[in-house]
Amino acid sequence: MNYQSNDLKSILEYSKNLIDKSLRDVCGEDLLSNTYKGKGNFGQLLEKYFYGYEPNSKSVADFDKVGMELKTSPLKIINKNKFRSKERLVLNIINYLDIHSEKFEESTFLKKNYHILMIFYLYQIDVEVIDYIVKIVGDWKIPAVDLEIIKRDWESICEKIKNGKAHEISEGDTIYLGACTKGAKGGNLRPQPFSQIRAKQRAFSFKQGYLNHIIASLSNYKSDYGKLISSPLELSNKSFEQIVVEKFNPYLNKSIEDIVQGLSEKSFNSNSKNFFSNVTKHILGIELNQEIEEFDKAGIIVKTIRLKSNGLPKEDVSFPNFSFSEIINQDWEESDFKDVVESKFLFVFYRYTQDNSLILDKVKFWNMSFEEINESQRVWEFTKEIVTQGNIVNRIYEGKRFTNFPSKKFSKVSHVRPHALNSKDTYPLPIKDKVTGLSEYTKHCFWLNNSFIRDNIYSKD
DNA sequence: GCATGATCATGC
DNA sequence: GCATGATCATGC
């Protein structure tokens, strides 16, 4: 191979040859000789045929002489020449049995993933792996501010293991560094040191939003992001969540009119749909035309809730519509709804007073507990079952259709309801509905029950 | 007053 | 043209 494995510059220069090329372009001869059997993922093939070493899962870095790991990851294209990550980046497997005795600074995770040679290729459906085109090759290290957040993420994952709760770990527990399930669908249970309960195998991962920012930093996109935290020192005695919540403190119990007082009416027109999102940005000190960098990196979902004076949220909270034909072919582990319920949320609660003014009441970060995630899975499985059986409509009464989708009575956490322009705004049904014979149905989505938001998010702690 | 089905309005 | 956040309408 045409590089020196003990020389960073040499490795990088050699790697740049991949840009805008496929594996077939750069190592066609070796590939097409009889050693390549048309099998293997992109990363493995790249290691073997381009870098000339056998894929390994050692706990030392791939280019161990220079302390750099090799990671490959797929991109999707959003608008011409702008790339987004197709998925999270899966890092090393979490060794439940050993990790509790590690310190972050000397951890396997940090040794292996602090310095990464990132190779991003454009994923295309129905294209052979060796024909994927590499788009970005970059020498990347964890930035100092991110390192503080990642350190706390790593520690909180360890803490759960130390408390005998490895089986309750969720990606929503943490900010940038997740612990994603890895291995055979839902199976692959492993022992943990401080509990008899076996836990799903998990690996450290950079969340999808975090990867988007790595991509942006390596490809010099002009960014329209505002930062909440500019120096690692700010994180020395406060967590990220504390810092964010404290920014809301001066506005607590103030009316929405007081909060936006003196600000331009154009941006703070209370009829505008992004009004509350603008108010949140204002409170956090972010320009209105900017996105909040840390939230985007962490995939944090901000939900503004208005509580009626009796404390019940005025509305349930909706999520993106699901496709009927997709859900019947998916497992829970790969479903979009699982990603949603394993996200971290920022809830901003306003409350209507007796005289009908709206005041900022409470702000909190939240993610679903283990039991609530299981409950969401039950709702999801039931929904899948109904669509699979063609059993959507229960009866028609006075021209109105009543469905079998899981209602609020089915689960205290979540229910399924229409979410469409009108009843004619539909997605195709993979199996015709038995009662009506319909082959398409009004778009539906999963909702969080307002009573659940009151009892398990607003009222707790 | 709530649950469920239905629909609206804006911005990309 | 559609996703998203938000709201309406009706019957129990």
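Below, read A as the first sequence line, B as the second, and so on, with proteins coming before strands; counting in each chain starts at 1. Because the structure is predicted, anything quoted here is derived from the model rather than measured.
Where A:Leu312 and A:His419 meet DNA chain B, the nucleotide closest to each residue was compared, and A:Leu312 sits on the side nearer the 5' end.
Of the candidate nucleotides B:dA3, B:dC2, C:dA6, B:dA3 has the atom nearest to the side chain of A:Lys408. Side-chain proximity of A:Asn321 to B:dT7, C:dT4, B:dA3: nearest is C:dT4. Side-chain atoms of A:Pro418 lie closest to B:dA6 of the nucleotides C:dT7, B:dC2, B:dA6. The nucleotide whose nearest atom lies closest to any side-chain atom of A:Glu315 is, among B:dT7, C:dT7, B:dA9, C:dT7. Of the candidates C:dG5, B:dT7, B:dT4, B:dT7 carries the atom nearest the A:Asn422 side chain, counting heavy atoms from C-beta on.
In this structure, CG of A:Asn278 is placed 12 Å from C1' of B:dG11, rounded to the nearest angstrom. Taking atom NZ of A:Lys424 as the reference point, atom P of B:dC8 lies 11 Å away to the nearest angstrom. For the pair A:Asn310 CG and B:dG1 P, the computed distance is 8 Å after rounding to whole Å. Per the geometry, CZ belonging to A:Phe276 stands 8 Å off P belonging to C:dA6, to the nearest Å. Remark: P of C:dT4 and CZ of A:Arg417 are 17 Å apart, rounded to the nearest angstrom. Distance A:Arg401 CZ to C:dG11 P: 18 Å, rounded to the nearest Å. At whole-Å resolution of the value, CZ in A:Phe410 and C1' in B:dT4 are 16 Å apart. Whole-Å rounding puts the A:Lys303 NZ to C:dA6 C1' distance at 10 Å.
Counting non-hydrogen atoms of neighbouring residues, nucleotides and ligands closer than 6.0 angstrom, the NZ atom of A:Lys432 reaches no more than 12 such neighbours.
For A:Arg306 and C:dA6, the shortest distance from a side-chain N or O to OP1 or OP2 is below 4.0 Å. Contact annotation: A:Ser407 reaches the phosphate of B:dT4 (side-chain N/O to OP1 or OP2, under 4.0 Å). Residue A:Thr442 has no polar side-chain atom (N or O) positioned under 4.0 Å from OP1 or OP2 of B:dG5.
Counting any heavy atom pair closer than 4.0 Å across all strands shown, A:Tyr427 reaches sugar-phosphate atoms only and no base atom. Base engagement by A:Asp316 is indicated by at least one non-hydrogen atom pair under 4.0 Å involving a base atom. Within 4.0 Å (heavy atoms only), A:Phe402 reaches sugar-phosphate atoms of the nucleic acid but no base atom. Counting any heavy atom pair closer than 4.0 Å across all strands shown, A:Ser451 reaches no nucleic acid atom. Within the 4.0 angstrom heavy-atom criterion, only backbone atoms of the sugar-phosphate kind lie near A:Lys443; the bases stay farther away.
A:Asp296 and A:Tyr225 share a side-chain donor-acceptor pair at under 3.5 Å. A donor-acceptor pair shorter than 3.5 Å cannot be found between the side chains of A:Lys434 and A:Asn391. Judged purely by distance below 3.5 Å, without hydrogens or angles, the side chains of A:Glu257 and A:Gln261 never pair a donor atom with an acceptor atom.
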Could you walk me through whether A:Glu234 and A:Lys238 pass the salt bridge (charged side-chain N to carboxylate O under 4.0 Å, His left out) test, one step at a time? CA-CA 7 Å; A:Glu234 296 173 53; A:Lys238 278 180 193 165; over 6 Å; no
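Judged by the 6.0 Å and 45° rule, A:Lys412 forms no cation-pi pair with A:Phe452.
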